[in-house]
Amino acid sequence: MKIKCFVYVWIGLAAAEAYGLLLENPNLYVMQTYAQYARPDSGQAKYVEFDGAGNLYVTHDGGSLVRINSSGQSGVLSRYRNLQGICYAGGTTYGDMLYFNDAGAGRLYARRADGTTTTLCTFSGQPIGIAIDKLGAFNGKMLVPVRYSNGDVYKISETGQKELFLRLGAGWSGHDIESDPSGAYGGLMYMSVSDPSDTFSVWAVRPNGTAGVFCNTTLILDLEFDTTQIGAFGGLLYGRRSSWAIGSISPDGQWTRFAGSSDTAIQCMTFGPDNSMYVVEEVAGNMVLVTKISAVPEPATALLLGLGGLLVRLRIKN
């Protein structure tokens with residue numbers, strides 16, 4: 001009888017340091033570099049989203065739209081002026097399309113799977129975030145916050161008709177916005193808001209066109225709901241706090257640190273169809289890094305030992 005021993009190591013804290021991010025609970029997740037590319041313009045990465053074919057798109061405020069295919073290969077598709085929010089509309093009445101905002105041109109674009117891109121509507125201010133109602137409380141419609149416009153948030157129809165939905169007031173601005181996908185957060189939308197002193201907080205947006213403070217933790221800029229099918233990230237809302245930390249926000253508005261970085265700038269995040277979180281960071285040398293964070297497979301979780309997480313599999317052969 002021969003006994004062969006195969007050793008697998010999940011490098012918890014060490015892996016977090018190697019990839020820039022430091023996870024608060026490194027034993028629960030595995031990290032790896034998904035893609036990296038040279039910064040395509042003088043701006044920063046702003047928002048990130050998957051389409052229905054598994055391609056990952058990153059907007060840059062220098063105007064570039066970058067696509068990363070499922071093999072991790074990247075390329076610049078188009079150049080605009082100041083790209084911001086991006087949203088995939090698959091499964092909604094807005095069709096199998098990507099929608100993204102050019103704040104510099106005041107335009108909301110629709111991009112079809114074949115690459116054809118058209119202007120859906122225009123704004124006098126700077127459109128930032130995009131969210132489509134997932135559960136029906138907003139009649140399945142799209143909301144777009146517009147910066148430098150009295151804190152206006154518009155409801156956009158499938159044909160591009162605009163309707164003022166919410167006005168926060170002079171000096172206020174809405175930024176990123178996300179729709180509750182599960183009902184755990186009341187079926188509402190949640191928006192990053194800055195006041196006249198440029199202090200950020202997260203507000204809950206209600207279907208009747210009102211809004212109020214949901215999370216008082218400051219400097220939360222980018223929002224994403226855990227949309228994984230396995231609840232690998234608790235089914236929670238996540239927020240990027242400035243460029244140095246990501247945290248979960250519970251249904252009662254409490255922010256809990258999930259990951260941070262001291263040597264990279266965390267720019268944005270999203271959840272992929274493979275039940276993983278994808279974090280976009282900017283690193284020294286004008287490089288953009290996309291890190292994939294996945295839950296440790298269940299059998300391994302049961303056998304984790306220490307920080308490294310050592311799994312030993314024995315195979316017995318006659």
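Counting all heavy atoms, side chain and backbone alike, N150 lies closest to R167 at O-CG, 3.3 Å. Considering all non-hydrogen atoms of both residues, T118 and R112 come closest at OG1-NH1, 3.7 Å. Nearest heavy atom pair, residue A137 against residue P207, reads O-CB, 3.4 Å. Across A89 and Y94, no two heavy atoms sit closer than the pair CB-CB, 3.7 Å. Annotation for Q267 and R240: closest pair O-NE, 2.7 Å, computed over non-hydrogen atoms. When all heavy atoms of A204 and L188 are compared, the closest pair comes out as CB-CD1, 4.2 Å.
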For this session: Decide side chain to side chain contact (heavy atoms under 4.5 Å, CB included) for I156 and Q161; before the verdict, give the C-alpha distance in whole Å, the side-chain angles of both, and the deciding distance to 0.1 Å.
Result: CA-CA 6 Å; I156 312 298; Q161 298 300 307; over 6 Å; no
Exercise. After noting the C-alpha distance and the side-chain angles of L166 and Y154, does the key distance pass the side chain to side chain contact (heavy atoms under 4.5 Å, CB included) rule?
Worked result: CA-CA 7 Å; L166 168 65; Y154 286 92; over 6 Å; no
Exercise. Would I177 and L223 count as a side chain to side chain contact (heavy atoms under 4.5 Å, CB included) if you check the C-alpha gap in whole Å, the side-chain angles of each, and the deciding distance to 0.1 Å?
Worked result: CA-CA 7 Å; I177 187 168; L223 299 171; over 6 Å; no
For this session: Could you go through the ring-ring contact (aromatic ring centres under 6.0 Å, His included) check for F123 and Y148 one step at a time?
Result: CA-CA 11 Å; F123 303 88; Y148 308 133; over 10 Å; no
Exercise. Given the rule in the side chain to side chain contact (heavy atoms under 4.5 Å, CB included) test, do I68 and Q73 qualify, once you have shown the distances and angles that lead to the verdict?
Worked result: CA-CA 5 Å; I68 304 168; Q73 302 301 309; over 6 Å; no
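A salt bridge does not link D61 to R81: none of the charged side-chain nitrogens sits closer than 4.0 Å to a carboxylate oxygen. The pair E158-K141 meets the salt-bridge criterion, with a side-chain N (NZ, NE, NH1 or NH2) lying under 4.0 Å from an Asp/Glu carboxylate O.
Atom CH2 of W203 is separated from atom CG of L168 by 5.5 Å, given to the nearest 0.5 angstrom. Distance check: N55 CG to N69 CG gives 6.5 Å after rounding to the nearest 0.5 Å. The distance from the CD1 atom of I246 to the SG atom of C268 is 9.0 Å, given to the nearest 0.5 Å. Interatomic distance, S179 OG to F138 CZ, rounded to the nearest 0.5 Å: 7.0 Å. Residue T59 holds its OG1 atom at 10.0 Å from CG of D102, rounded to the nearest 0.5 Å.
With sequence neighbours excluded, the residues satisfying ring-ring contact (aromatic ring centres under 6.0 Å, His included) with F225 are Y185. Residues that satisfy the ring-ring contact (aromatic ring centres under 6.0 Å, His included) test with Y37, not counting sequence neighbours, are H60. The ring-ring contact (aromatic ring centres under 6.0 Å, His included) search around F100 returns Y80, Y109, not counting sequence neighbours.
The closest donor-acceptor contact from the side chain of D96 to the backbone of G52 lies at 3.5 Å or more, if one exists at all. Put simply, the side chain of S182 gets close to the backbone of A184: a donor and an acceptor are under 3.5 Å apart. Although no hydrogens or angles enter the test, the distance criterion places a donor-acceptor pair under 3.5 Å between the side chain of K162 and the main chain of T122. S64 places no side-chain N or O within 3.5 Å of a backbone atom of R79 that could act as its donor or acceptor partner. Remark: side-chain polar atoms of S294 are not paired, donor with acceptor, to backbone N or O of K292 under 3.5 angstrom. With E49 contributing its side chain and Y88 its backbone, the two residues share a donor-acceptor pair below 3.5 Å. Here the side chain of S261 pairs a donor or acceptor atom with the backbone of G20 at under 3.5 angstrom. Formation of a donor-acceptor pair under 3.5 Å by the S192 side chain with backbone atoms of I220 is found in this model. Distance alone, capped at 3.5 Å, is enough to place a donor-acceptor pair between the N101 side chain and the G129 backbone.
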Could you tabulate the donor-acceptor pairs under 3.5 Å formed by side-chain atoms of residues 249-256, not counting sequence neighbours?
| residue | atom | partner | partner atom | Å |
| --- | --- | --- | --- | --- |
| S250 | OG | D252 | OD1 | 2.2 |
| S250 | OG | Q254 | N | 3.1 |

Using a 3.5 Å cut-off and no angle test, enumerate the donor-acceptor pairs between side-chain atoms of residues 231-238 and protein atoms at least two apart in sequence or in another chain.
| residue | atom | partner | partner atom | Å |
| --- | --- | --- | --- | --- |
| Y238 | OH | F233 | O | 2.8 |

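Two residues are said to be in side-chain contact when any heavy atoms from C-beta on lie closer than 4.5 Å; T199 and T218 meet this criterion. Contact annotation: the side chain of V279 approaches that of I293 to within less than 4.5 Å [non-hydrogen atoms, C-beta and beyond]. Between L98 and I86, some side-chain heavy-atom pair lies under the 4.5 Å cut-off. Taking the side chain as every heavy atom from C-beta outward, E178 and E224 approach each other to under 4.5 Å. Residues V193 and V202 form no side-chain contact, since every pair of their non-hydrogen atoms from C-beta on lies 4.5 Å or further apart. Within the 4.5 Å cutoff, the side chain of I130 has no heavy atoms near those of the Q84 side chain. For the pair Q36 and V290, the minimum side-chain heavy-atom distance is 4.5 Å or more. Within the 4.5 Å cutoff, side-chain heavy atoms of S194 are placed close to those of H175.
Remark: the T264 side chain and the E282 side chain contain no N/O donor-acceptor pair separated by less than 3.5 Å. With 3.5 Å as the limit, one finds a donor-acceptor pair spanning the side chains of D51 and Y57.
Applying the 6.0 Å contact sphere to CD of Q44 captures more than 12 heavy atoms from other residues, nucleotides or ligands.
Judged as a side chain to side chain donor-acceptor pair (under 3.5 Å), the pairs with a partner in residues 123-139 (not counting sequence neighbours) are, in order, Q126-R147.
A chain of hydrophobic side-chain contacts below 4.5 Å, direct or via other Ile, Leu, Val, Met, Phe, Trp or Tyr residues, connects L23 to L28. V280 and M269 sit in two unconnected hydrophobic clusters of ILVMFWY residues. Membership requires side-chain heavy atoms under 4.5 Å apart, directly or through other members. The hydrophobic cluster containing I128 does not contain L219, counting ILVMFWY residues as joined when their side-chain heavy atoms lie under 4.5 angstrom apart, directly or transitively.
Aromatic ring centroids of Y278 and F271 lie 6.0 Å or more apart.
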